[in-house]
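Chain naming here is simple, since letters A, B, ... match the order of the sequence lines and numbering starts at 1 in each.
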Amino acid sequence: MTRDIPAAEAIVSGRALATGFDVECDVAIVGSGAGGAVCAALLAEAGHRVVVLEEGPHVRPDEYQTWTPSMSVRRLFREAGLLTAMGVGDTPMISITLGRAVGGSSLLTGGVCFRIPSDVHHTWVRDLGLGELSEAALGPAYEEVERRMRVREVPPQMRSRSTEKFLQGAEALGIEMRPIRRNTGLDCEGNARCNFTCPAGAKRSVDVSYLPSATAHGARIVSDALVTDVIVSNGRAAGVEGHLLGGDDAARSHAFRVRARHVIAACGTLHTPLLLFRTGLGLRSGELGNHVTLHPAVRVVARFDEPIVGWDGALQSVYSDQFHSDGIKLVGVYSAPNVLAAGMPGVGPEFRRRVRSLPYCATFGAMIHDEGGGTVRASPGREPLLWYSMAPRDLSRLRKSMTILAEMAFAAGAREVYTSVLGAPPITDMDKARALERLNIDARRIECMAFHPLGSARAANDPRRGVVNQWGETFELPGLYVADGSILPTSIGVNSQVPIMSMAARIAWKLGERIAHEKAVATRTRGRALRRRVAD
Amino acid sequence: MSEHLSAAHKADETNAGFRRGLSPRAERVAASAMEAILADEDERGNLIPGSPEACARAVRWLSRSAGHSSSNIRFGYGLLTWLLQLLPLFMIGVPSRMTELSLGDRIRYLTALETSRYGLLSMLLLAFKVPMSIVAFEEGAELSSTGFDRPSTASRRSLMWAEAPPANAPNTAGGVS
Ligand SMILES: Cc1cc2nc3c(=O)[nH]c(=O)nc-3n(C[C@H](O)[C@H](O)[C@H](O)COP(=O)(O)OP(=O)(O)OC[C@H]3O[C@@H](n4cnc5c(N)ncnc54)[C@H](O)[C@@H]3O)c2cc1C
Ligand code: SF4
């Protein structure tokens with residue numbers, strides 16, 4: 001092992017290194033996604049020595065922007081997008097997507113930006129006693145994150161005709177729709193494939209909005225670097241260890257060690273618990289890895305008589321909170337044509353006919369503010385096992401969402417609607433749309449997706465109820481912080497990137513002050529000792 | 001199988017290597033399913049199997065993705081291909097492996113899986129159909145059949161405005177070419 005990271009670049013490709021390393025810094029950050037990148041930038045800007053270790057590869061934006069969706073899925077999505085939460089009881093199998101690259105899941109977002117709703121903050125403060133996580137306390141963090149990510153309302157002229165159709169339906173039914181805010185500044189061209197990276201480079205994912213500032217302020221980032229253990233010394237975190245992943249087959253190559261008084265785990269909701277379990281945490285409260293919420297989502301595809309050509313426009317541009325009290329958020333959504341084609345029902349000629357009707361189709365989605373019945377545990381391999389037991393209330397919400405979406409489609413003049421019920425024939429009128437809500441089917445026939453796993457290492461005001469305190473430090477191991485989706489104390493009912501980044505910003509600011517204070521104390525102590533020696 | 005790959009996919013393999021994640025048997029099962037999923041009818045209503053290029057591209061992607069994923073995924077797909085192969089007797093009453101069914105029977109079998117009232121059976125089909133169809137419909141005649149009017153799924157939309165749309169720009173439907 002060398003005493004320095006043996007490469008000159010700020011972002012070092014771990015797979016290219018011929019040897020491991022053993023280095024020292026102020027803060028070691030595990031994971032370079034939404035949470036990790038914010039911490040890296042803010043701590044480096046505050047003058048602290050930062051090393052970020054990322055398991056996934058580093059791909060420059062000018063390279064990934066040219067990729068087709070299947071290339072992005074294979075190279076940037078964890079498990080090539082094939083990850084599933086196993087449904088327990090009356091629960092759909094939920095497909096889970098996560099990023100695994102420098103920039104993490106931030107590379108794959110639809111760009112949608114929400115703050116945590118006021119009522120959720122209120123619940124945290126009033127019912128959970130988390131006074132430090134009030135809306136006012138997070139205000140400066142929200143502002144900072146939104147400024148750097150260039151969050152703007154999507155202008156009406158960027159709406160696709162797919163979205164316009166659902167707006168028409170919503171209007172007819174008296175459902176109020178609002179423009180979505182996204183982190184695309186004024187640069188979005190409406191290529192409608194953000195989840196597979198933006199060919200126009202419009203989306204301000206953290207690899208372009210935060211990490212460049214981190215490296216400009218001296219942070220080092222090592223890709224293809226899997227952290228396996230937190231080093232513990234004298235009862236506190238003292239760094240991390242792991243190994244580089246060599247070559248495309250990601251086999252283990254050289255070992256590395258990063259020694260630091262402060263460690264931030266930002267591996268994401270499904271992977272942070274694995275690192276914490278290995279460090280022996282989670283025993284005191286028994287809460288680690290439990291209560292995972294997912295925001296399960298469904299969508300419908302509606303076929304119209306006239307051409308829609310829904311791929312011209314921003315991927316997501318409007319939403320509705322009309323059913324907020326039912327825990328349902330309606331969101332406009334589209335995707336790349338090959339991805340939409342793959343989701344059409346049928347086999348053989350029936351499937352091909354439906355794919356040919358895509359230019360006449362519009363799509364719209366809904367997401368559930370779920371109670372959270374997810375459990376994440378280590379498996380014999382690298383990836384976690386995730387079970388999810390859906391609350392009966394949430395299953396009803398999913399059914400109700402499909403009903404509302406189908407009603408909107410028919411109110412806009414749709415000929416037929418393909419719901420998320422696998423293998424079900426398309427529904428052809430409003431009555432059948434309404435009957436969806438009462439449909440008695442195996443829950444596993446509902447095709448469900450989730451993009452926002454949260455809450456596996458919750459923040460709490462008491463070590464018996466959670467894993468970290470309100471400033472992200474673990475109750476059980478001083479010096480070990482968590483700054484990613486896992487610390488959210490409940491489901492939030494909105495897209496999670498800005499909330500996670502804002503929580504991470506607060507943690508980084510506080511930690512930055514703490515390290516500055518520790519450094520000042522150390523300097524004073526050294527000065528005193530020196531003066532004493534001189535006087536002697 | 002690699003002779004059927006498009007230039008984009010070949011370039012991707014040259015850059016990132018190929019590591020097989022499915023056994024040759026499992027690849028054959030996936031290919032046979034894909035041939036039926038992508039099957040179409042000619043002008044006279046006769047069944048024609050999915051194109052060899054699209055099927056090969058899709059199976060290779062699945063195998064390669066499994067090869068670069070965890071052992072959970074490789075084990076899972078090994079098991080799923082085995083189930084896919086063995087269920088025709090229970091779904092359509094034909095005592096044969098899926099790969100040995102005629103194209104028409106394979107379509108009938110896979111349709112029975114998709115429309116089954118047991119969600120796990122629908123999921124079995126979905127586990128192959130969705131990821132492989134994403135790849136199949138990404139290029140060539142399959143992409144054209146979606147009506148997509150750009151040269152590739154990685155192409156940018158051509159806008160009439162040079163930079164940001166002006167505030168009074170027309171609705172996208174009228175404002176793009
Ligand atoms: C397809 C998709 C669409 C989305 N759309 C939106 C949207 O429109 N709006 C929105 O607000 N949110 C969206 N999200 C959610 C948002 O991206 C995530 O909530 C957010 O990025 C999570 O941040 P995180 O820091 O918790 O984890 P991540 O961003 O996932 O980062 C975790 C990183 O840690 C790395 N890592 C894990 N374990 C280790 C280890 N042991 N050693 C080293 N590295 C490790 C991972 O490889 C990963 O890069 C979307 C997500 C997806 C997948
Ligand atoms: S809609 Fe298109 S241009 Fe806009 S951010 Fe998404 S991919 Fe980029």
Under 3.5 Å: donor-acceptor pair, side chain of A/Trp311, backbone of B/Phe148: no
Residue, of A/Ser95, A/Gly346, A/Ala336, that accumulates the most heavy atom pairs under 4.5 Å with chain B: A/Gly346
Proximity breakdown for B/Leu121 and chain A, heavy-atom pairs closer than 4.5 Å: neither
Chain B contacts, top residue of A/Thr66, A/Leu82, A/Val339, A/Leu340 (heavy-atom pairs, under 4.5 Å): A/Leu82
Full working for side-chain contact (heavy atoms from CB on, under 4.5 Å) between B/Asp149 and A/Val309: CA-CA 9 Å; B/Asp149 49 10; A/Val309 192; 4.0 Å; yes
Neighbour count >12 (heavy atoms, 6.0 Å) for atom CZ, A/Arg303: yes
Exercise: identify the closest heavy-atom pair between A/Glu383 and B/Asn72: O-ND2, 3.7 Å
Non-hydrogen side-chain atoms of A/Arg445 and B/Glu114 separated by less than 4.5 Å: no
Residue among B/Ala36, B/Gly50, B/Ser71 with most heavy-atom pairs under 4.5 Å to chain A: B/Ala36
Under 4.5 Å from a heavy atom of chain A, the part of B/Phe75 involved: neither
Chain B interface, residue from A/Gly81, A/Pro345, A/Ala341, A/Gly343 that has the most non-hydrogen pairs under 4.5 Å: A/Pro345
Value rounded to 0.5 Å, distance of OG in A/Ser70 from CD in B/Glu139: 7.5 Å
Side-chain touch A/Arg74/B/Val135, heavy atoms, less than 4.5 angstrom: no
Contact class of B/Ser116 relative to chain A, heavy atoms under 4.5 angstrom: backbone
Exam field: side chain A/Glu79 to backbone B/Ile73, donor-acceptor pair closer than 3.5 Å: no
Pick from B/Leu143, B/Ile48, B/Leu126, B/Leu47 with the largest number of heavy-atom pairs that fall under 4.5 Å of chain A: B/Leu126
Max heavy-atom pair count under 4.5 Å with chain B, selected residue of A/Pro337, A/Ala80, A/Pro359: A/Pro337
B/Met123 side, atom CE; A/Arg444 side, atom CZ - distance, nearest 0.5 Å: 9.5 Å
Heavy-atom closest pair, residues B/Phe137 and A/Val355: CE2-CG1, 3.6 Å
Contacts of residues 79-108 of chain B with chain A (heavy atom under 4.5 Å): B/Ile107
Options B/Leu110, B/Thr111, B/Thr146, B/Leu62, ranked by heavy-atom pairs under 4.5 Å with chain A, top entry: B/Thr146
Closest contact, heavy atoms only, B/Lys129 versus A/Ala342: CE-O, 4.0 Å
Check: B/Leu38 main-chain N/O paired with A/Arg352 side-chain donor or acceptor under 3.5 Å: yes
Non-hydrogen side-chain atoms of B/Leu125 and A/Val347 separated by less than 4.5 Å: yes
Heavy-atom closest pair, residues B/Glu41 and A/Arg353: OE1-NH1, 3.9 Å
Test item: B/Leu120 and A/Met93 side chains (from C-beta on) under 4.5 Å apart, heavy atoms: yes
Expected output: side-chain A/Arg193 to main-chain B/Thr153 donor-acceptor under 3.5 Å: yes
Interatomic distance, A/Leu422 atom CG to B/Leu124 atom CG [nearest 0.5 angstrom]: 11.5 Å
